[in-house]
2 protein chains.
Amino acid sequence: MSDTDVKQPVPQDFDALRSAILERKGELPKRLTQVAAYALDHPDEIAFGTAASIAISAAVQPSTLVRFAQHFGFDGFSGLQLLFRARLRERTSSYEERLRTLEQDGASLAESTTIFNGFVAAAHRSIDAIAAAVEPDAFERAVTLLAKADTIYLIAKRRSYPISSYMAYAFGKLKVRCQLVGTSAGIDDDMLAMATSKDAAFAISFSPYASESAAQARMMASRGIPVVSLTDSAFSPLAECSTEWFEVVEADHAGFRSLSASMAFAMALTVSIAEKRRRG
Amino acid sequence: MSDTDVKQPVPQDFDALRSAILERKGELPKRLTQVAAYALDHPDEIAFGTAASIAISAAVQPSTLVRFAQHFGFDGFSGLQLLFRARLRERTSSYEERLRTLEQDGASLAESTTIFNGFVAAAHRSIDAIAAAVEPDAFERAVTLLAKADTIYLIAKRRSYPISSYMAYAFGKLKVRCQLVGTSAGIDDDMLAMATSKDAAFAISFSPYASESAAQARMMASRGIPVVSLTDSAFSPLAECSTEWFEVVEADHAGFRSLSASMAFAMALTVSIAEKRRRG
DNA sequence: CCGTCTATGGAATGAACATTCCATATTGAC
DNA sequence: GTCAATATGGAATGTTCATTCCATAGACGG
């Protein structure tokens, strides 16, 4: 059983595997070279296929795939396949990598440091996610919609309230009329009742969705007032009653989410609206 | 076998499936709704996972996943999974394409897109900056200081208020007693007057510094109450009266700053404090 | 040219998995 | 409140799949 070369450590990520393959391709027997070439040329096939389907496609036996994986220190083919799948999943996580190297340096970091690094990485990931998820056209439509509104009603409760309150602050500085809804109990509905179809609303709500926010957004929509919203799922009650809606998936650290990505989005929206107005 | 609704054709690609799910989500029974929400929120999991692992993650039975697939006309779960895999294959290209538009801000892009990209980039820079600027030891000291406080007073006005209000929300969830200062005019000083040296304060202020915040922080400090602060310059009035202070330089886009980095910092601090308390 | 050692193909095996089935719970109509 | 219809949980089932095993082919050294 000299199959598993003990000298080489088992590759932990796709890049390591790739290097290992390139490095050792000279000393591999014929069929394994064939597999190596196929693997690097068709990584997606490896990620999605089954051993049998890949074997056919690469013109080898399934057992050869297993042997190939074992040559590089894996338990079997499945272990190797995980790396190919992780590659598709992660795509963006150079941040996680940086974080991992940070944590290797000092063996015993204070817990607070780990938490801090976790939130930093989560923030990066969240921002990448929203950058990829927001369609420029939809964003432009939302900006147009809100820019021509007489008054912009900002609907947000609880966790999303800090975002709307910052938007209200910024709108104030930018001389854009807006009305912050959700501050003191009771007067919200009275304020919203004054809205006309010349106005518009921007609603923010994350799971678990505050029922008032959804109800208020629905009410606005039913009165013909355009509603733009920011939420975290296509299943959000906001999604169905909004003229335009955007999905932001804040990455979490240990179950807690910061609002980093939402804040960036909110500011981009706010400034874009002001800019569009300024230009006429 | 009225499971497979013959009215609906079997979705042939992910978008068709997505539309079908959103369209019919109202008429789905409870567990199937749960699966529907999970599927749209975690498409990658569906693509790679096994029925068993997905079932656990979505808190349903494997059989429910099969039934869900059959409700939408598929033979079984596997048929549905193929669509999620195909999506992942195609997405990777368009996804990277989107991220590439972040770099170019040619005239061809809508202004709102340029602004959006600008804030995304600024957020990344800000977070990198704070990750580099915060010293783990100082952070740990700040956490310790605040964790042993009886009540944490959160001092913030105007631009920094969204941060403290989110912290107050999170502290509430985490059962950490805190007092949000700066909300309604007048009672602030009365609230702060009740603070004792067993308490602590966390102050946030950015240029141009609200004079009240600085005054309140100074007052607390002079009464022997530990003050931790987050500000944007060593010359900030907060820096000189704080036991520990941290500098966050939010990168700006066209003169406007989002609060992305401050939010990440605030959440890290909040969670660290709660965690330290929980441990004794 | 023979023996040994490694590589390979293909069948056998056993594990993982999707799917089905049935008993129970829940919902809705009368 | 009762009954029917539908939804759900969980175990049983049968299939697909990765893996192992073994017989044979090929390479290499003597």
Side-chain angles (χ1 to χ4, degrees), chain A residues 1-8 10 17 21 24-39 42 45-86, chain B residues 1-8 10 17 21 24-39 42 45-86:
Chain A
M1 184 75 63
S2 64
D3 255 8
T4 57
D5 290 19
V6 284
K7 306 165 192 173
Q8 299 281 350
V10 184
L17 174 62
I21 291 176
R24 298 173 57 188
K25 70 172 175 182
E27 61 195 62
L28 289 175
K30 189 174 138 207
R31 288 286 121 116
L32 297 194
T33 309
Q34 200 174 325
V35 173
Y38 184 86
H42 310 275
E45 288 300 318
I46 307 264
F48 289 115
T50 69
S53 70
I54 297 165
I56 291 170
S57 176
V60 296
Q61 292 290 324
S63 48
T64 306
L65 293 177
V66 176
R67 277 195 289 265
F68 178 79
Q70 288 170 342
H71 262 268
F72 286 92
F74 297 96
D75 243 28
F77 173 70
S78 304
L80 176 141
Q81 195 177 32
L82 285 181
L83 260 54
F84 281 78
R85 294 187 169 182
Chain B
M1 184 70 67
S2 64
D3 256 7
T4 57
D5 290 20
V6 282
K7 307 167 194 174
Q8 300 280 351
V10 184
L17 174 62
I21 291 176
R24 296 174 58 190
K25 71 170 177 177
E27 61 194 60
L28 288 176
K30 187 172 137 210
R31 286 287 117 111
L32 296 194
T33 309
Q34 199 172 325
V35 173
Y38 183 88
H42 309 276
E45 290 298 319
I46 307 264
F48 286 120
T50 69
S53 69
I54 297 165
I56 292 171
S57 177
V60 296
Q61 293 289 325
S63 48
T64 307
L65 294 177
V66 176
R67 277 194 291 265
F68 177 79
Q70 288 170 343
H71 261 267
F72 286 91
F74 296 95
D75 242 27
F77 173 71
S78 304
L80 177 139
Q81 196 176 32
L82 285 181
L83 261 54
F84 281 79
R85 294 189 169 178

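All chains are named by letter (A, B, ...) in the order of the sequence lines, taking the proteins before the strands, and each is independently numbered beginning at 1. From a predicted model like this one, the values you see are computed outputs, not experimental measurements.
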Taking [atom1] from [X] and [atom2] from [N], how many angstroms apart are they, rounded to a whole number?
| X | N | atom1 | atom2 | value |
| --- | --- | --- | --- | --- |
| A/L32 | D/dA27 | CG | P | 15 Å |
| B/D75 | C/dT20 | CG | C1' | 13 Å |
| A/Q81 | D/dT19 | CD | C1' | 14 Å |
| A/Q70 | C/dA7 | CD | P | 13 Å |

Choosing from [options], which nucleotide comes nearest the side chain of [X]?
| X | options | answer |
| --- | --- | --- |
| B/R31 | C/dT8, D/dT8, C/dT19 | D/dT8 |
| A/A51 | D/dT19, D/dA18, C/dC21 | D/dA18 |
| B/P29 | D/dT19, C/dT19, D/dA7 | D/dA7 |
| B/T64 | D/dG9, C/dA18, D/dA18 | D/dG9 |
| A/A52 | D/dG9, C/dA18, D/dA18 | D/dA18 |

- Task: Ignoring backbone atoms, test whether A/Q61 places a side-chain nitrogen or oxygen under 4.0 Å from the OP1 or OP2 oxygen of C/dG10.
- Result: yes
- Message: Taking only side-chain N and O atoms of B/T50, does any of them lie within less than 4.0 angstrom of OP1 or OP2 on C/dA16?
- Response: no
- Message: Side chains of B/Q70 and B/R67: any donor to acceptor distance under 3.5 Å?
- Response: no
- Task: Specify the residue among B/S53 and A/V60 whose closest nucleotide of DNA chain C lies further upstream toward the 5′ end.
- Result: A/V60
- Item | Check: B/S63 side chain, D/dG10 base, donor-acceptor under 3.5 Å | yes
- Can you name the residues that form a side-chain contact (heavy atoms from CB on, under 4.5 Å) with B/R85, not counting sequence neighbours? A/F48, A/R85, B/A47, B/Q81
- Message: Any side-chain to backbone donor/acceptor pair from A/E45 onto A/I54? Under 3.5 Å, distance only.
- Response: no
- Task: Work out which heavy atom in B/V60 is nearest to a heavy atom in B/T64; give both atom names and the distance.
- Result: CB-CB, 4.1 Å
